[in-house]
Amino acid sequence: MKSYKELSKAELITIRDELEVNYAKVIKRGLSLDMSRGKPSKEQLDLSNDMFKINDLSYAEDGTDCRNYGGSSGIPEARRLMGEVMDVPAENVIVSGNSSLNIMYDTISRTMTHGIMGLKPWCRLEKIKFLCPAPGYDRHFAITEHFGIELIYVPMKDSGPDMDIVEKYVNNDAHVKGIWCTPKYSNPLGLSYSDETVKRFAALKPMAEDFRIYWDDAYLIHHLYDDKDTVLDIFSECKKTGNQDMVLKFCSFSKISFAGASISAIAASKANIDYILNSISIQTIGPDKLNMLRHVKFFKNLAGVSAHMKKHAEILRPKFEAVLNVLNKELNGLGIAAWTNPKGGYFISFETLPGCAKDVVSLCNHAGVIMTKAGATFPYGIDPNDSNIRIAPSFLSVEELSIATDLLILCVKLSSVKKLINEA
Ligand code: PLP
């Protein structure tokens, strides 16, 4: 296919006119599809329905009555299961309720009001900054923005966040108190941090004593293929550099069992865990231990979770491939877009020509396909190039995805051709 950039203005105008006719036809179809959020589909949720059949849930292995109060850190078998999945010892894990985002919010909130391990609460400090590798997860950025923390954009490279920039900020600016990371199959790029990136994280020498890496392992076992990404263990690396208190790891079963009723966890050094538990035991007299036990009885161990994740992959893979096949067929060689080919996670990240993402998303929305808001993957919702669009293939059926992707492609072509005509 000939690149749009090689076409004359007259050729571009002919293409635009054809595309506009097609776009008008799509509008008449009255589509109503949502490709905006990475929700598991009904088929994925159904994979865990047998959990409802488990009814012997009264007692944990240490005799804890799961129906009663108590157990701020979670029942031992749930800590062990989460520890296995997160590759950390059970005693370094606190298991909580449904949402890891909730734990992240609480972690920031607690540090705002009470500080970390005896250090000054952030709310008493004049300025707090957080590094936000982007494109990244909008809800990470939203938490820190919500607390009035200044968000610093750090560009993502193929190996992870630009570590030159991370080191410059963390090692020289005491206002920098944290960084959001999704190390495996990142949202939305689907990329995993290189060994060098993890080692450089572990070797940071933060100016701020209460600097923490917020290591959100949301997709750590969410592989689409047998050829899996692996990421170096940040805790072992931090141990080697004497930085074991610098990392807080988060994880949940939201996209393993039920997004609305799973279990989640924070893992950290003993000093961090003791401090966090102290606060949690004031916040609650105990989490939902029945659901923890239900999860352990259903999944048993890491092998059980991995086998289950293969079933998810079988549902998800055709969906990712449905989108990618159409993108490859229709856009390759046109010079107007680029996209990722992730081996896991929940998203495909799509790049339009600079300045076209908002227009494309608005054209899609107008024609009945809701996409993630353009810019959402950047701090403050501002994509400096206005080019990133997050595609979430999980929720729609393969047929719906192919309709939605056809529309996306039409809108990308239309927006690009209009831009090129203006510039010609
Ligand atoms: N972290 C990342 C990177 C995510 O992409 C998501 C959901 O899309 C979450 C966390 C939400 O996790 P949870 O459902 O455990 O709150």
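Just so you know, ligand 1 is whichever comes first in the structure, and atom 1 is the first atom listed for that ligand. Keep in mind the model is a prediction, meaning the values are calculated, not measured.
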Looking only at heavy atoms, which two atoms of S264 and S100 are closest? And how far apart?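 So the two residues come closest at CB-N, 3.5 Å.
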
Which residue and non-hydrogen atom of the protein lie closest to [atom], and at what distance in Å?
atom	result
atom 16 (O) of ligand 1	S99 OG, 2.8 Å
atom 14 (O) of ligand 1	S254 OG, 2.6 Å
atom 11 (C) of ligand 1	Y137 OH, 3.6 Å
atom 12 (O) of ligand 1	S100 OG, 3.2 Å
atom 3 (C) of ligand 1	D216 OD2, 3.4 Å

Which one holds for L101 and ligand 1: side chain close, backbone close, both close, or neither close, with close meaning a heavy atom under 4.0 Å?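 Both backbone and side chain.
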
Side chain, backbone, both or neither: the part of A218 lying under 4.0 Å from ligand 1 by heavy atom: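 Side chain only.
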
Check this for me: [X], atom [atom1], are more than 12 non-hydrogen atoms of other residues, nucleotides or ligands nearer than 6.0 Å?
X	atom1	result
H114	NE2	no
D164	CG	yes
K297	NZ	yes

Tell me whether the guanidinium CZ or amine NZ of R110 lies under 6.0 angstrom from the six-membered ring centre of Y105 and within 45° of its axis.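 Judged by the rule, R110 and Y105 form no cation-pi pair.
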
Is it the case that K255 places NZ or CZ above or below the six-membered ring of Y346, under 6.0 angstrom from the centre and within 45 degrees of the axis?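 Judged by the rule (NZ or CZ under 6.0 Å from the ring centre, within 45° of its axis), K255 counts as positioned above Y346.
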
Centroid-centroid distance, F147 to W122, less than 6.0 Å: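 Centroid separation for F147 and W122: 6.0 Å or greater.
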
Is the distance between the ring centroids of W180 and F130 less than 6.0 Å?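 For W180 and F130, the ring centres are under 6.0 Å apart.
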
Option of least heavy-atom distance to atom 5 (O) of ligand 1 (set: F347, F253, F250, Y219):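 Considering heavy atoms of F347, F253, F250, Y219, the nearest to atom 5 (O) of ligand 1 sits in Y219.
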
When only distance counts, is S252 in polar contact with ligand 1, meaning an N/O pair under 3.5 Å?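 Min N/O separation from ligand 1 is below 3.5 Å for S252.
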
Against heavy atoms of T182, which atoms of ligand 1 measure under 4.0 Å?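 Every atom of ligand 1 under 4.0 Å from some heavy atom of T182: 3 (C).
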
I'd like to know if K255 contacts ligand 1, where contact means a heavy-atom distance under 4.0 Å to any ligand atom.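 A heavy atom of K255 does come that close to ligand 1.
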
